[in-house]
Protein chains: 2
Amino acid sequence: MVIKSKLWIEVEGEPVFGRGRRFLLQAIDKYGSINKAAKEINISYRKAWSYINAMEQRLGIRLVERQAGGKNGGGARLTEEARDFLKRYEMLEEGIREMVDKKFNEIFCKK
Amino acid sequence: MVIKSKLWIEVEGEPVFGRGRRFLLQAIDKYGSINKAAKEINISYRKAWSYINAMEQRLGIRLVERQAGGKNGGGARLTEEARDFLKRYEMLEEGIREMVDKKFNEIFCKK
DNA sequence: CTCTCGTTATGACAATTTTGCATAACGCAT
DNA sequence: ATGCGTTATGCAAAATTGTCATAACGAGAG
């Protein structure tokens with residue numbers, strides 16, 4: 001029996017950011033490619049692309065600069081806005097999971 | 001832009017308890033009927049029934065005593081185990097949402 | 001005894017969402 | 001021109017979720 005928690009941000013009732021999207025952006029930053037990033041976190045390119053589009057549309061911010069074709073086939077990189085958003089989200093997530101786990105253990109396991 | 005959080009308990013990778021199931025059990029306790037409880041929280045009886053079955057099977061605990069037919073057509077009531085589980089879950093949930101909201105405001109709204 | 005009533009119980013089908021596949025377009029390098 | 005690895009996107013398949021219809025139940029009324 002394990003505890004799970006999820007944290008996400010919504011705009012107009014639609015999710016725009018959460019742990020999965022965080023990992024996706026981080027991986028894009030690491031590889032400079034949506035394709036490689038999607039492989040890294042085990043989702044399809046299709047899904048990654050959908051995520052990015054939805055995020056950008058909902059937030060009204062450009063998060064990922066993309067180029068199809070060119071050197072090495074092209075690639076993608078994060079905008080400054082994306083980095084800022086990512087940084088804040090990381091701060092938000094920090095400590096929450098640990099707190100939840102601790103509480104769960106106290107209540108369901110100890111006694 | 002709003003923050004959302006979710007908390008649930010899994011057994012063998014399958015969800016067995018969360019906020020929705022909590023409301024369901026509480027409503028069953030209140031009305032003595034799965035049917036009425038489902039209406040109260042706006043889910044179909046079918047879904048409520050599936051939730052209960054899955055919970056009981058995964059936890060290996062009987063949570064809801066049911067009777068079809070009889071006085072008033074029958075009904076359902078929580079077992080002691082269900083009440084205990086419910087109580088612990090309420091303790092677990094308590095304070096977490098508030099903490100998340102506070103953190104979110106500090107990070108995303110203040111500045 | 002038979003009928004009624006409001007339940008629980010379940011199967012079958014419909015609708016929606018998610019996932020995966022195929023393919024086009026791009027632009028630099030060779 | 002051709003090849004390469006990307007981004008971009010339509011479409012179908014698969015999985016999930018929701019809805020509806022209907023059976024069974026058992027006390028109580030008549």
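For B/E93, the salt bridge (charged side-chain N to carboxylate O under 4.0 Å, His left out) test picks out B/R19, B/R22, with sequence neighbours left out. Scanning for side-chain hydrogen bond (donor to acceptor under 3.5 Å, both in side chains) contacts around A/E12 gives A/R58, with sequence neighbours left out. B/E90 meets the salt bridge (charged side-chain N to carboxylate O under 4.0 Å, His left out) test with no other residue; sequence neighbours excluded. The side-chain hydrogen bond (donor to acceptor under 3.5 Å, both in side chains) check on B/W8 picks up B/E10, with sequence neighbours excluded. The side-chain hydrogen bond (donor to acceptor under 3.5 Å, both in side chains) check on A/K6 picks up nothing, with sequence neighbours excluded. Applying the side-chain hydrogen bond (donor to acceptor under 3.5 Å, both in side chains) criterion to B/N53, with sequence neighbours excluded, gives B/R66.
Salt-bridge annotation for A/K102 and A/E98: absent, with no side-chain N of the basic residue lying under 4.0 Å from a carboxylate O of the acidic one.
A straight line from NZ of B/K39 to P of D/dT19 spans 13 Å, rounded to a whole angstrom. Note: CD (B/Q57) to P (C/dA9) measures 14 Å, nearest angstrom. Between A/E65 atom CD and D/dT7 atom C1' there is a gap of 13 Å when expressed in whole angstrom units. Distance, B/R62 CZ to C/dT8 P: 12 Å, rounded to whole Å.
Contact between the side-chain N/O atoms of A/R66 and the OP1/OP2 oxygens of D/dA8 is found at a separation under 4.0 Å.
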Quick tally for nucleotides 15-30 of chain C: nucleotides whose base has a protein heavy atom under 4.0 Å get B, sugar-phosphate-only ones S, the rest -, giving ----SBB----BBS--
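Sorted by first and then second residue, the pairs that involve residues 63-85 of chain B and meet ring-ring contact (aromatic ring centres under 6.0 Å, His included), not counting sequence neighbours, are A/F108-B/F85, B/F17-B/F85. Residue pairs meeting the ring-ring contact (aromatic ring centres under 6.0 Å, His included) criterion with at least one partner in residues 53-73 of chain B, sequence neighbours excluded, do not occur; the list is empty.
Scanning residues 76-86 of chain B for heavy-atom distances under 4.0 Å to DNA chain D yields an empty list. Using a 4.0 Å cut-off on heavy atoms, the residues of residues 16-36 of chain A that approach DNA chain D are A/S33, A/I34, A/N35, A/K36, listed by number.
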What do the steps show when you test A/R88 against A/D84 for salt bridge (Lys or Arg N to Asp or Glu O under 4.0 Å), and what is the final call?
-> CA-CA 6 Å; A/R88 289 178 191 234; A/D84 177 61; 3.3 Å; yes
Just list the side-chain donor-acceptor pairs under 3.5 Å for residues 39-48 of chain B, sequence neighbours left out, or say none.
residue: B/E40; atom: OE1; partner: B/Y31; partner atom: OH; Å: 2.7
residue: B/S44; atom: OG; partner: B/K47; partner atom: N; Å: 3.1
residue: B/R46; atom: NH1; partner: B/S50; partner atom: OG; Å: 3.4

